[in-house]
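These values consider heavy atoms only, across backbone and side chains, with no hydrogens, waters or symmetry-generated copies. The structure displayed is predicted, hence computed values, not measured ones. Sequence lines set the chain letters: A, B, ... in the order given, protein chains first and strands last, and positions in each chain run from 1.
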2 protein chains.
Amino acid sequence: MTMSNTGGRRKPPTIHDVAREAGVSRGTVSRVLNGGHYVSPTAHEAVNAAIRKTGYVVNRHARSLITGRSDSIGFLLTEPQERFFEDPNFNVLLRGCTQALAAHDIPLLLMLAGTEDERRRITRYITAGHVDGVLLVSSHSGDPVAQELCEAGVPLVACGKPIGLGSKVSYVAAADRDGARDMVRHLLSLGRRRIAVVTGPLDTPGGVERLAGYREVLAEEGIEYDERLVVSGDYSRASGEAGAERLLAQAPDLDAVFVASDLMAQGVLTALERAGRGVPGDVSVGGFDDSSAALAARPQLTTIRQPYDRISAEMVRVLLAQIGGEDPAAVILPTELIKRGSA
Amino acid sequence: MTMSNTGGRRKPPTIHDVAREAGVSRGTVSRVLNGGHYVSPTAHEAVNAAIRKTGYVVNRHARSLITGRSDSIGFLLTEPQERFFEDPNFNVLLRGCTQALAAHDIPLLLMLAGTEDERRRITRYITAGHVDGVLLVSSHSGDPVAQELCEAGVPLVACGKPIGLGSKVSYVAAADRDGARDMVRHLLSLGRRRIAVVTGPLDTPGGVERLAGYREVLAEEGIEYDERLVVSGDYSRASGEAGAERLLAQAPDLDAVFVASDLMAQGVLTALERAGRGVPGDVSVGGFDDSSAALAARPQLTTIRQPYDRISAEMVRVLLAQIGGEDPAAVILPTELIKRGSA
DNA sequence: TTCTCTACTGTGAACGCTCACAGACAGCAT
DNA sequence: ATGCTGTCTGTGAGCGTTCACAGTAGAGAA
């Protein structure tokens with residue numbers, strides 16, 4: 001492990017230096033670097049020794065220039081970072097994607113583009129070919145970044161169906177509507193009839209679809225839709241708490257709350273406790289996500305599990321396929337009702 | 001804004017296409033792209049028009065190949081991501097760095113390298129020249145990544161003085177020891193004499209230095225050092241709570257706690273409340289950081305403010321200077337005692 | 001005029017790599 | 001002998017850019 005380069009910052013060794021050191025040609029070194037096919041054991045060994053001796057690392061710019069690939073993937077976040085960091089789901093998703101890509105030896109770059117200015121910079125960076133594809137984690141409609149990247153022909157996979165974008169963009173999503181239906185039916189099965197709902201933002205697919213599932217089941221069961229039982233949050237804990245306050249004021253007779261995220265559900269629990277309503281005695285509370293917040297809550301949340309491990313794995317699979325030339329695809333994954341103490 | 005490239009994914013336009021379209025040479029286009037000096041107004045206009053018409057974006061791989069720069073900076077995190085996401089300080093730091101770099105139009109790439117495997121991948125990625133420099137946010141000693149990057153000659157600036165690394169690595173840090181001294185003196189000025197301490201991990205500079213400041217002041221005041229008054233945490237809220245439990249068991253007569261981070265201090269408050277000790281009546285609690293946790297706590301925390309905005313600005317400044325060829329530098333920034341309700 | 005200076009422009013080299021191709025050599029059948 | 005495989009190797013070209021250099025034209029000074 002003799003580094004000939006310690007101390008002064010000399011220019012790093014090139015493939016040529018390695019070739020000379022090993023007594024072979026550039027081509028042979030390149031072949032060793034890319035899988036080692038059609039290389040004799042002798043040459044293979046000599047090249048590896050030369051690489052160790054010179055401390056060579058391939059210049060990825062040169063490689064990318066000719067291959068057109070960068071062998072890295074971007075994890076793009078177009079929302080303010082607070083949102084991201086507070087939400088345990090994002091965490092799980094990020095880790096899942098990192099792991100799935102690790103199997104392909106591809107590094108994941110996290111890019112935050114919360115401000116308009118940042119969005120411009122990052123978009124330019126991406127369209128300039130610095131990553132081969134983008135995993136997009138932002139669900140707000142009318143996201144100009146997604147639009148732009150799509151038009152620039154950058155392979156893109158969104159988490160959750162992007163609203164307002166054409167059908168040519170890939171996405172992976174949980175079956176939000178079905179999940180919501182399961183939860184509402186579960187609450188009904190407990191004898192609840194005045195079921196309130198705290199939705200997500202209505203410009204996100206999760207916000208829209210989960211509310212739709214709620215309304216569908218109510219309609220099917222002949223229960224009248226009462227808009228006093230419906231408020232919207234922004235997936236944050238605080239907004240759940242505030243939402244529950246409003247619900248208690250508008251519809252004090254509620255006997256259940258279906259909350260569109262576990263984090264918001266935590267806030268709802270706080271508000272209910274303060275109001276002296278027992279859970280699950282007086283009010284049943286159902287969450288959504290099955291994130292770590294569901295287990296941290298007291299009582300633990302009955303919730304709809306989103307298969308985040310599968311979601312991230314699928315996102316990576318679809319993205320790599322698209323980079324490989326396949327057409328965009330949409331993947332919908334089933335959810336599951338998890339019964340715990342809150343309902 | 002006519003994109004000649006919509007639909008089929010043709011190969012993107014090169015600088016050559018732009019030159020032909022504008023009726024000038026490659027050189028002139030390149031000059032326009034890089035500041036526009038020594039270019040006639042006529043040519044300048046023609047090139048800009050051609051760029052718009054062709055939808056040209058510079059191929060950064062080609063540029064990087066010859067300039068040796070990538071015009072991007074990495075924000076490297078070598079700890080498990082949970083730690084990072086829970087701590088509000090990191091958030092502030094990240095945003096500060098992003099903003100400081102935005103002034104130079106440089107995108108920031110967040111790289112998570114929590115596992116051994118990821119560390120290898122990311123190190124290779126960095127040493128291959130994909131970023132011009134690295135902002136390192138990990139303070140644990142013996143971090144092999146920092147060592148490796150340093151040896152590879154990658155410009156690097158750490159947040160907090162890296163333990164166990166040579167003096168040739170740049171860092172920006174708050175005056176931890178002075179801050180701790182200020183806090184302990186403040187607690188003494190309130191008449192407290194049995195001052196306990198919850199330190200950070202003792203393989204981090206913050207952990208070591210803040211404890212050192214505590215011991216110094218005690219020694220100066222002729223107060224005996226009692227190791228029952230000292231426990232260590234890992235900067236997490238939970239570890240603060242657990243630490244306080246241990247302290248209460250070992251030294252029930254404590255009348256103040258100096259906690260090495262606000263997040264841990266929140267945990268300490270929880271434990272004290274459960275034990276029926278009033279804050280600040282029975283026990284004074286001092287934090288460290290002045291993070292958002294200090295304001296969120298009840299009572300609000302008296303704490304030592306770390307100037308995170310200046311820290312991030314300095315990190316970026318030092319890193320860019322180093323990339324520009326300057327020698328590594330160490331910057332120590334002063335802290336400030338912020339008095340609130342807890343002490 | 002002629003010379004110098006400045007503003008501007010075009011033209012080969014690189015940068016370090018991969019890829020396609022051609023060639024060499026061995027083994028085995030014809 | 002000849003041909004055909006298959007494995008292995010070296011070479012030249014080219015990816016899209018910047019940079020150094022040489023050159024042109026016009027303005028102003030001698």
Side-chain angles (χ1 to χ4, degrees), chain A residues 5 9-48 50-51 54-72 124-125 127-130 132, chain B residues 5 9-48 50-51 54-72 124-125 127-130 132 152-153:
Chain A
N5 196 20
R9 189 123 69 91
R10 258 204 305 285
K11 62 189 316 185
T14 74
I15 200 174
H16 223 114
D17 300 326
V18 176
R20 185 153 24 78
E21 182 70 38
V24 299
S25 73
R26 287 173 4 250
T28 300
V29 177
S30 178
R31 274 183 286 265
V32 170
L33 255 36
N34 297 294
H37 301 302
Y38 291 95
V39 178
S40 68
T42 332
H44 205 292
E45 188 41 51
V47 168
N48 277 334
I51 288 177
T54 55
Y56 170 80
V57 281
V58 30
N59 181 324
R60 297 183 83 128
H61 297 307
R63 174 182 285 177
S64 295
L65 179 55
I66 188 161
T67 61
R69 284 172 290 106
S70 69
D71 295 321
S72 61
R124 224 173 41 214
Y125 189 77
T127 51
H130 250 297
D132 293 337
Chain B
N5 196 22
R9 190 124 69 89
R10 259 203 304 284
K11 63 191 313 185
T14 75
I15 200 173
H16 223 114
D17 300 326
V18 176
R20 185 155 22 80
E21 182 71 37
V24 298
S25 71
R26 286 174 4 251
T28 301
V29 177
S30 177
R31 275 183 287 266
V32 170
L33 256 35
N34 299 294
H37 301 301
Y38 290 95
V39 178
S40 68
T42 333
H44 203 291
E45 188 41 51
V47 169
N48 278 334
I51 288 177
T54 55
Y56 170 79
V57 281
V58 31
N59 181 324
R60 296 182 84 130
H61 297 306
R63 173 182 285 176
S64 295
L65 178 55
I66 189 160
T67 61
R69 284 174 290 107
S70 70
D71 295 321
S72 61
R124 223 172 43 213
Y125 189 77
T127 51
H130 249 299
D132 293 338

Enquirer: If only side-chain N and O atoms of B:Y56 are considered, is one of them under 4.0 Å from the OP1 or OP2 phosphate oxygen of D:dT17?
Expert: yes
Enquirer: Could you check how far OH of A:Y38 sits from C1' of C:dG23, rounded to whole Å?
Expert: 16 Å
Enquirer: Base, sugar-phosphate, or nothing for A:R60, non-hydrogen atoms under 4.0 angstrom?
Expert: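 Result for A:R60 = nothing.
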Enquirer: Measure CG/A:N34 against P/C:dG16 and give the value in whole Å, please.
Expert: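 Rounding to the nearest Å, CG of A:N34 and P of C:dG16 are 18 Å apart.
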Enquirer: Look up atom OG1 in A:T54 and atom CZ in A:R20, then write down how far apart they are to the nearest 0.5 Å.
Expert: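 Taking OG1 in A:T54 and CZ in A:R20, the distance rounds to 10.0 Å.
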Enquirer: Is there a side-chain contact between B:T14 and the phosphate of D:dC15, meaning an N or O under 4.0 Å from OP1 or OP2?
Expert: no
Enquirer: Is any side-chain heavy atom of B:V29 less than 4.5 Å from a side-chain heavy atom of B:V24?
Expert: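 Yes, close enough: below the 4.5 Å cut-off.
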Enquirer: Nearest 0.5 angstrom please: B:S64 OG to B:D132 CG, how far?
Expert: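 CG of B:D132 is found 7.5 Å from OG of B:S64.
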Enquirer: So does B:S25 get a side-chain nitrogen or oxygen closer than 4.0 Å to the phosphate oxygens (OP1/OP2) of C:dT9?
Expert: no
Enquirer: Side chain of A:I66 only, heavy atoms from C-beta on: which candidate in D:dC8, C:dC15, D:dC15 is closest?
Expert: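 Between D:dC8, C:dC15, D:dC15, the one nearest the side chain of A:I66 would be D:dC15.
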Enquirer: When you measure from the side-chain N and O atoms of B:T28 to the phosphate of C:dC8, is any distance below 4.0 Å, counting only OP1 and OP2?
Expert: no
Enquirer: Measure the distance from NE2 on A:H44 to P on D:dT7 and round it to the nearest whole Å.
Expert: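 Taking NE2 of A:H44 and P of D:dT7, I get 15 Å after rounding.
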Enquirer: Please give, in whole Å, the distance from C:dG16 C1' to A:L33 CG?
Expert: 12 Å
Enquirer: Which listed nucleotide (D:dT7, D:dC19, C:dC17) is nearest to the side chain of A:A62?
Expert: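 Side chain of A:A62 sits closest to C:dC17.
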Enquirer: Give the intermediate values and the outcome of side-chain contact (heavy atoms from CB on, under 4.5 Å) for residues A:R31 and A:H37.
Expert: CA-CA 7 Å; A:R31 274 183 286 265; A:H37 301 302; over 6 Å; no
Enquirer: Nearest to the side chain of B:R31, which nucleotide is it out of C:dT9, D:dT9, D:dG10?
Expert: C:dT9
Enquirer: Find the distance B:R69:CZ to C:dC15:C1' and express it as a whole number of Å.
Expert: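 B:R69 atom CZ is separated from C:dC15 atom C1' by 13 Å.
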Enquirer: Is any side-chain heavy atom of A:V57 closer than 4.5 Å to one of A:P12?
Expert: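 In short, these two side chains do not touch, never coming nearer than 4.5 Å.
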Enquirer: Taking atom P of D:dC19 as reference, at what distance in whole Å does atom CG of B:L65 sit?
Expert: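 These atoms are roughly 12 Å apart.
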Enquirer: Establish whether the base of C:dT11 is bridged to the side chain of B:R26 by a donor-acceptor pair shorter than 3.5 Å.
Expert: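 A donor-acceptor contact between them is absent.
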Enquirer: Under 4.0 Å: is that the gap between some side-chain N or O of B:N59 and OP1 or OP2 of D:dC15?
Expert: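 It does not, given that no N or O in the side chain of B:N59 lies less than 4.0 Å from OP1 or OP2 of D:dC15.
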Enquirer: Rounding to an integer number of Å, can you tell me how far B:R20 CZ sits from D:dG16 C1'?
Expert: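 To the nearest whole Å, that distance equals 14 Å.
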Enquirer: Expressed as a whole number of angstroms, how long is the span from A:R63:CZ to C:dC15:C1'?
Expert: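 Rounded to the whole Å, the gap is 16 Å.
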Enquirer: Is the shortest side-chain N/O distance from A:T67 to OP1 or OP2 of C:dC17 below 4.0 Å?
Expert: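 For C:dC17, neither OP1 nor OP2 has a side-chain N or O of A:T67 closer than 4.0 Å.
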